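This is a predicted model, so every value here is computed, not measured. Labels below follow one simple rule: chain letters A, B, ... track the order of the sequence lines, proteins then strands, and each chain is numbered from 1.
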Amino acid sequence: MYSNAYIFRYAAIMVVVVAAVLSSAATFLKPMQQRNQAIDKMQSILAAAGMQDVSVENAIEVFNGHITNMIVIDQDGNVLADYSGDEKQNSEAFNLNLKTELFNKSQKRPFRLPLYVIDKQGEKTYIIPLLGAGLWGPVWGNMAIKSDFSTVTGVTFDHKAETPGLGAEINTNMFQDQFKDKQLLGPDGNFVSVQVVKGGVSNFPANQQKHKVDAISGGTITSNGVNDMIENVIESYVPFFKKQG
Amino acid sequence: MSAEVKEREPLFSAKNRKLITNPLNVDNPITVQVLGICSALAVTAKLKPSFVMMLSVIAVMTLANVIISLMRNGIPPRIRIIVQLTVIASLVILVDQVLKAYVYDVSKQLSVFVGLIITNCIIMGRLEAFALANKPWPSLLDGFGNALGYGWVLLAVGFTRELFGSGTLWDYQIIPQAFYDFGYVNNGFMILPPMALIVVGVIIWIQRARNPQLIEEK
């Protein structure tokens with residue numbers, strides 16, 4: 001039979017050994033993991049801007065080549081910082097924690113939001129990162145809009161744990177391609193958003209169709225999550241749009 | 001004390017070979033012992049995550065079995081379950097970290113399921129039933145065999161569900177577009193967890209029908 005002292009010693013030594021092994025593994029692998037996360041984010045931003053098949057190896061280079069500026073704005077649409085050149089991929093604009101900022105927004109506290117700009121011979125495209133809640137976990141994505149601050153040129157969505165075959169289909173091209181050329185602003189320039197709707201876009205009046213896309217059958221709560229996400233996030237940029245336009 | 005020296009057992013003796021082959025069929029952890037069902041339902045909507053899950057479980061179960069077997073003479077019986085759990089949990093965290101660092105896209109797909117390997121009762125079951133009482137080499141074979149037995153069922157279920165649920169295999173389109181043009185529709189039910197349970201049930205049925213050893217006497 002083992003004595004109590006032995007049991008305590010055994011447990012204590014085991015815990016220390018395990019802690020040492022795990023923390024050194026985590027420290028050692030961290031740079032690679034962060035790089036992967038950054039690359040993943042870059043690929044997603046580029047995909048929203050229509051560059052879908054950027055490989056992991058090229059992502060950083062392509063990203064730096066295309067994204068000309070990264071902007072941080074506040075709740076009133078003022079530009080707080082504008083990064084270009086090499087410092088931008090380590091800047092606040094790239095690393096801003098969207099979750100915290102959107103939480104601040106919901107608490108009516110001041111918040112900051114990032115904006116990625118592609119300047120192709122004067123033709124600017126703005127890419128806005130999105131974050132919201134689906135049915136089983138977070139949903140997120142990026143939306144690229146033209147410099148009229150209304151026309152959507154592309155979106156990407158992703159999710160943590162939506163139902164396979166139903167809500168999870170939001171990350172397929174079939175769903176995302178529908179957003180192309182939809183309008184965020186109404187005829188008088190007020191914010192209308194783009195909504196995922198049931199029952200077929202073609203059954204809506206013609207002047208509303210440019211604000212609607214078809215939902216995925218059986219994915220109602222995920223669709224509602226996508227609607228809320230787009231509305232909540234894009235709405236925060238409207239003051240900025242107004243100042244620019 | 002007897003002076004006779006026990007003859008060394010060959011590495012792959014008939015007994016040791018059985019440690020690998022039994023779990024594949026007559027002692028399969030999923031279809032016969034009905035363990036680890038939860039993860040078998042969760043990750044098998046597609047073939048690729050099923051395969052990565054199989055590899056992860058093979059790594060965790062083989063290593064855990066060997067480590068516990070090496071420690072078996074020092075583990076105080078009263079805290080053995082805690083010790084086993086600590087070993088499993090540490091290995092799973094290591095696997096998760098390595099996946100995140102080297103195969104990020106796969107890690108994204110598996111997401112929470114890697115963490116759930118900790119709760120896979122097959123692993124704990126093998127540690128408790130085998131590794132605590134056997135030498136490292138047989139334990140290694142036993143762990144590997146059981147993980148493989150778990151893995152082939154996962155692959156079989158993943159294959160069926162992806163083929164009929166999405167019309168693809170390993171994300172490549174298998175069912176030709178012409179079928180869809182004629183009105184063929186993917187079976188959405190296949191993608192949901194209940195269908196995994198039914199597929200596992202069918203596998204158990206086929207296995208029992210073919211293997212008289214498994215049929216209980218009345």
Side-chain angles (χ1 to χ4, degrees), chain A residues 1-44 55-56 59 136-138 140 158-169 171-172 174 216-219, chain B residues 41-46 49 67-68 71 73-80 82-113 158 161-162 164-168 171 185-193 195-196:
Chain A
M1 207 55 206
Y2 295 94
S3 68
N4 283 346
Y6 177 83
I7 293 178
F8 277 113
R9 260 204 320 275
Y10 195 93
I13 293 173
M14 180 181 74
V15 168
V16 171
V17 169
V18 165
V21 169
L22 289 187
S23 49
S24 49
T27 319
F28 177 69
L29 295 171
K30 197 160 195 185
M32 267 180 282
Q33 292 170 353
Q34 280 171 339
R35 190 166 168 269
N36 286 336
Q37 278 162 8
I39 288 176
D40 192 54
K41 192 171 171 180
M42 290 174 183
Q43 281 177 320
S44 164
S55 72
V56 173
W136 304 113
W140 62 90
D158 213 341
H159 62 93
K160 181 155 183 131
E162 296 311 294
T163 319
L166 306 175
E169 300 285 304
N171 62 11
T172 58
M174 197 186 73
I216 296 155
S217 315
Chain B
L41 306 189
V43 298
T44 51
K46 293 240 163 111
I67 292 173
I68 289 292
M71 291 162 72
N73 294 326
I75 301 176
R78 270 192 280 173
I79 58 164
R80 68 180 195 286
I82 300 172
V83 175
Q84 291 164 11
L85 209 55
T86 315
V87 170
I88 299 171
S90 325
L91 287 172
V92 168
I93 294 170
L94 275 181
V95 167
D96 191 29
Q97 297 280 331
V98 169
L99 288 182
K100 267 189 195 143
Y102 292 102
V103 272
Y104 187 74
D105 53 332
V106 176
S107 141
K108 248 185 16 181
Q109 271 187 2
L110 284 177
S111 62
V112 297
F113 298 120
R161 290 179 71 193
E162 184 169 356
F164 294 108
S166 313
T168 58
D171 291 335
V185 182
N186 287 329
N187 185 345
F189 194 34
M190 268 289 177
I191 298 174
L192 299 174
M195 207 55 197

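The shortest side-chain heavy-atom distance between Ile75(B) and Met14(A) does not fall under the 4.5 Å cut-off. Contact annotation: the side chain of Thr86(B) never approaches that of Val15(A) to less than 4.5 Å [non-hydrogen atoms, C-beta and beyond].
Taking chain A as the reference chain and counting heavy-atom pairs below 4.5 Å, the highest number among Lys46(B), Met190(B), Met71(B) is found for Met71(B). Counting heavy-atom pairs under 4.5 Å between each of Arg35(A), Gln33(A), Met32(A) and chain B puts Gln33(A) at the top. Among Gln34(A), Lys30(A), Gln37(A), the residue making the largest number of heavy-atom pairs under 4.5 Å with chain B is Gln37(A).
Looking at Tyr6(A), its side chain does come within 3.5 Å of a backbone N or O of Gly74(B) through a donor-acceptor pair.
A 6.0 Å sphere centred on CZ of Phe164(B) holds no more than 12 heavy atoms belonging to other residues, nucleotides or ligands.
For the pair Pro76(B) and Tyr2(A), the tightest heavy-atom approach, listed with the atom from each and the gap, is CA-CD1, 3.6 Å. Considering all non-hydrogen atoms of both residues, Asn36(A) and Ala101(B) come closest at ND2-O, 2.9 Å. The nearest pair of heavy atoms linking Leu22(A) to Ser90(B) is CD2-O, 3.5 Å.
For a residue to count as touching a neighbouring chain, one of its non-hydrogen atoms must lie under 4.5 Å from one of that chain's; by this rule Val83(B) touches chain A with backbone and side chain alike.
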